[in-house]
Amino acid sequence: MNIDLITVKIKTFVVFFFILGCNVKISQTFYSGGVALTFELGDQEKSCFIETFPGGKSYLFSYQVIRGGNNDVDAWIVSPNGKILYKEQRKESDEFTFDPSKGDFQFCFGNQFSTITHKVVYFTISPQGIDSLAVEAGDKKPTAHTLLQDACDEIHAAMTEVFENQVDFRLKESMGRYVAEELNNRVMWWSIGQALTVMIIGFGQVFILKTFFSDKLPSQNKLLDT
């Protein structure tokens, strides 16, 4: 009985350290190969971000305007040789897949058409497909995977998908919060305006009604004179 209990404890510890080891690798390589950034774009301004790619892999460029005006922005991608690969004007969100060569690519956003409103933009540059943990660690030699490595790769792929869903949920939550706050502010100022209007009308009615009883009638003035 004691031997079975010890065996169960050993198996429990092995599983625990296995999961812990996989999670440590995932946390270290979770953002490898991809870029995610949220920034504020001022009115009548443009911002460009430079990213270098090794080549040999397809990448997905996606962006989303979180808040500001009509939630639209200009976006374009410039290759290292100066060629414009992608260009769209006044769009809320979009995606573009490209096969980059070696060199510096420019990812630009413009808000020149807006004279007052600032924009908050979120964009990501992520590789198409999920590499194994061995490839992300720099091991390019093809080797046979063990059951442990296959299990870690499956967990890595599942956690990457979970992370992408969480990012999408946070973006929608941020946009919904912004709309709710704007609606709350407009309702508050509308209520204040209505309250002031009611107070002004009330005081005006009281003042007008008071003048009806304060003015003397002509007949009363003649009797007082006689």
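The residues of the chain are indexed from 1 along the displayed sequence.
- Judged by distance alone, with hydrogens and angles left aside, the side-chain atoms of Asn81 form a donor-acceptor pair with the main-chain N or O of Lys83 at under 3.5 Å.
- Using a 4.5 Å heavy-atom threshold, the side chains of Ser47 and Phe49 count as touching.
- Using a 30° and 60° split on the angle between ring planes, Phe123 and Phe39 fall in the perpendicular class, above 60°.
- A donor-acceptor contact shorter than 3.5 Å links the side chain of Asn185 to the backbone of Glu181.
- Note that the CD atom of Glu51 and the CG atom of Leu37 stand 10.5 Å from one another [nearest 0.5 Å].
- Across every non-hydrogen atom of Thr124 and Ala36, the tightest pair is CG2-CB, 3.8 Å.
- In this structure, Glu95 and Ser62 approach most closely via the heavy-atom pair CG-CB, 3.6 Å.
- In this structure, Ile50 CD1 and Cys108 SG are separated by 8.5 Å, a value rounded to the nearest 0.5 Å.
- Put simply, the side chain of Glu45 does not reach to within 4.5 Å of the side chain of Gln112, judged on heavy atoms.
- Looking at heavy atoms from C-beta onward, Val65 lies in side-chain contact with Val73 at the 4.5 angstrom threshold.
- Counting heavy-atom neighbours within 6.0 Å of Met199 CE, excluding the residue itself, gives a total of 12 or less.
- Note that CD1 of Ile84 is 8.5 Å distant from CH2 of Trp76, once rounded to the nearest 0.5 Å.
- Residues Phe109 and Tyr63 place their aromatic rings such that the two centres sit under 6.0 Å apart.
- Asp43 CG to Ile116 CD1: the interatomic distance, rounded to the nearest 0.5 Å, is 8.0 Å.
- Looking at heavy atoms from C-beta onward, Gln89 lies in side-chain contact with Lys87 at the 4.5 angstrom threshold.
- The minimum heavy-atom distance between Arg90 and Asp72, with the atom names listed, is NE-OD2, 3.4 Å.
- With contacts defined as side-chain heavy-atom distances shorter than 4.5 Å, the pair Val121/Thr38 does not qualify.
- Remark: Asp74 CG to Lys119 NZ distance equals 8.5 Å, nearest 0.5 Å.
- Leu41 and Phe113 end up in different hydrophobic clusters when Ile, Leu, Val, Met, Phe, Trp and Tyr side chains are linked at under 4.5 Å.
- Phe96 is listed as a side-chain neighbour of Ile77, based on a closest heavy-atom distance under 4.5 Å.
- The minimum heavy-atom distance between Lys46 and Gly110, with the atom names listed, is CB-CA, 3.9 Å.
- Between Gln64 atom CD and Asn71 atom CG the span is 7.5 Å, to the nearest 0.5 Å.
- Formation of a donor-acceptor pair under 3.5 Å by the Asn111 side chain with backbone atoms of Thr117 is found in this model.
- The number of heavy-atom neighbours closer than 6.0 Å to CG of Asn70, taken from other residues, nucleotides and ligands shown, is 12 or below.
- Follow the hydrophobic side-chain contacts under 4.5 Å out from Val198 and you never reach Ile192; the two are in separate clusters.
- For the residue pair Ser58/Asp99, the side-chain donor-acceptor check at 3.5 Å is satisfied.
- Between Phe53 and Phe105, the ring planes are perpendicular. Angles over 60° get that label, and only those under 30° would be called parallel.
- Ring centroid separation for the pair Tyr86 and Phe107 does not come in under the 6.0 Å cut-off.
- The closest side-chain heavy-atom distance from Val120 to Arg67 is below 4.5 Å.
- Side-chain contact annotation: Thr52 with Asp104, donor-acceptor N/O pair under 3.5 Å present.
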